[in-house]
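See below for the structure under consideration.
Just so you know, these numbers come straight off a predicted model, no measurement behind them.
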Protein chains: 2
Amino acid sequence: MTIAQVAQRTGLSAHTLRYYERAGLMLEPPPRGDNGHRRYTERDADWIALLTRLRASGMPIAAMRRYAELVRRGQNTYVARKELLEAHRADMIAKIEQLRSDLEIVDYKIDLYSRRIMGEE
Amino acid sequence: MTIAQVAQRTGLSAHTLRYYERAGLMLEPPPRGDNGHRRYTERDADWIALLTRLRASGMPIAAMRRYAELVRRGQNTYVARKELLEAHRADMIAKIEQLRSDLEIVDYKIDLYSRRIMGEE
DNA sequence: CTGGGAGTTAGAGCGCGCTCTAAGTCAAGC
DNA sequence: GCTTGACTTAGAGCGCGCTCTAACTCCCAG
């Protein structure tokens, strides 16, 4: 798979894919074709897809790098990986709670404006 | 109220409060005491508290500025204010949905690691 | 043989939201 | 009088996550 195809598939730009690689997020540098171009494997694509989910849910690049390092180090890092994901999970839950709480205020304000608009016209 | 007191109350730093003012987020520049120091009113503090909620829920500074401008312009901007908040509300809902969806994957992975840890030990 | 298009690299640049620095003023307490 | 501490300003700096540029190689179609 070429970088353009992976970009297409993951929604990331080719620039960003190279940046992720430089940032140490890949499990191993993708193999190269004769012309020196990256030829991503299916496993690479799946891994990048996972990265995008973690990223989308707010995990910082640094944490993703730590996670990638653990995966690279192999089987005896399950506990650490689990802990890392659990920490991220807690962040996600907190963020959801924060949003829910702030949503109340926004809804209240919207409602207030609705009434005022009604009242005026 | 001094800037330090407002900082204390809102959890923002004095630096950030001045930055918000420069960024056009205040309804009006807070009045100054004889010594030239800002003396925030209760209304200022309430407004800043609202700003922190909007900010915490992910509203960009630029949107908060637009909102502040509408509030400054007065009563005939209710519709625009409501629209702005509704747009933000939609962003918040989308973000919650995104988090919920990504949470499934994280939970799945955590569960997977739990099993592997169990299986090994 | 000449574009054009897709890839490569190292490294610069950018937008956001702060965060801090430097240099100054002022008031209170020793 | 002198220090300390809270404030003031304009403007620089920073961390993050991209995003883009410049200069290059390679390959293919016309």
Side-chain angles (χ1 to χ4, degrees), chain A residues 1-26 28-41 44-45 47-68 88 91-92 95 98-99 102, chain B residues 1-26 28-41 44-45 48-68 88 91-92 95 98 102:
Chain A
M1 222 177 308
T2 68
I3 196 167
Q5 287 167 328
V6 176
Q8 172 79 15
R9 191 146 134 179
T10 59
L12 300 174
S13 71
H15 283 305
T16 301
L17 286 170
R18 293 190 204 100
Y19 162 68
Y20 276 13
E21 189 179 330
R22 268 183 285 167
L25 302 189
M26 296 304 290
E28 50 201 2
R32 302 304 181 104
D34 295 4
N35 50 11
H37 293 193
R38 291 170 182 78
R39 321 240 61 235
Y40 291 88
T41 65
D44 288 327
W47 173 250
I48 293 164
L50 175 59
L51 290 181
T52 63
R53 303 304 297 268
L54 293 176
R55 193 68 202 86
S57 57
M59 185 182 284
I61 300 288
M64 299 203 301
R65 175 164 45 238
R66 257 176 281 128
Y67 184 58
H88 180 51
D91 290 349
M92 294 171 76
K95 220 175 286 177
Q98 172 74 229
L99 282 166
D102 291 338
Chain B
M1 220 178 307
T2 68
I3 196 167
Q5 286 167 328
V6 176
Q8 172 78 15
R9 192 145 133 179
T10 59
L12 298 174
S13 72
H15 283 306
T16 301
L17 285 171
R18 293 190 203 99
Y19 162 68
Y20 276 12
E21 189 179 330
R22 269 182 285 166
L25 301 188
M26 297 304 290
E28 51 202 0
R32 302 302 181 105
D34 296 5
N35 50 10
H37 293 192
R38 291 171 183 78
R39 320 239 63 234
Y40 290 89
T41 65
D44 288 327
I48 293 164
L50 175 59
L51 290 181
T52 63
R53 302 304 298 268
L54 293 177
R55 192 70 201 85
S57 57
M59 184 181 285
I61 300 288
M64 300 203 300
R65 173 163 48 236
R66 258 176 281 129
Y67 184 57
H88 180 51
D91 290 348
M92 293 170 77
K95 219 175 287 177
Q98 173 74 229
D102 292 337

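- Taking 4.5 Å as the limit, every side-chain heavy atom of B:Thr2 sits out of range of all side-chain heavy atoms of B:Arg38.
- Judged by distance alone, the side chain of A:Ser57 and the main-chain N or O of A:Arg53 form a donor-acceptor pair under 3.5 Å.
- Under the 3.5 Å distance criterion, the side-chain polar atoms of A:Trp47 are left unmatched by any main-chain donor or acceptor of A:Ala68.
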When every nucleotide of nucleotides 9-30 of chain D is labelled 5' to 3' by its protein contacts under 4.0 Å (heavy atoms), B for base, S for sugar-phosphate only, - for none, what sequence of letters results?
B-B-----BBBBB---------
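- A heavy-atom distance below 4.5 Å is found between the side chains of B:Leu12 and B:Ile48.
- For B:Thr2, a side-chain nitrogen or oxygen approaches OP1 or OP2 of D:dC7 to under 4.0 Å.
- A heavy-atom distance below 4.5 Å is not found between the side chains of A:Arg32 and A:His37.
- Among the atoms of the strands shown, only primed sugar atoms or phosphate atoms (P, OP1, OP2) are found under 4.0 Å from some heavy atom of B:Ala4.
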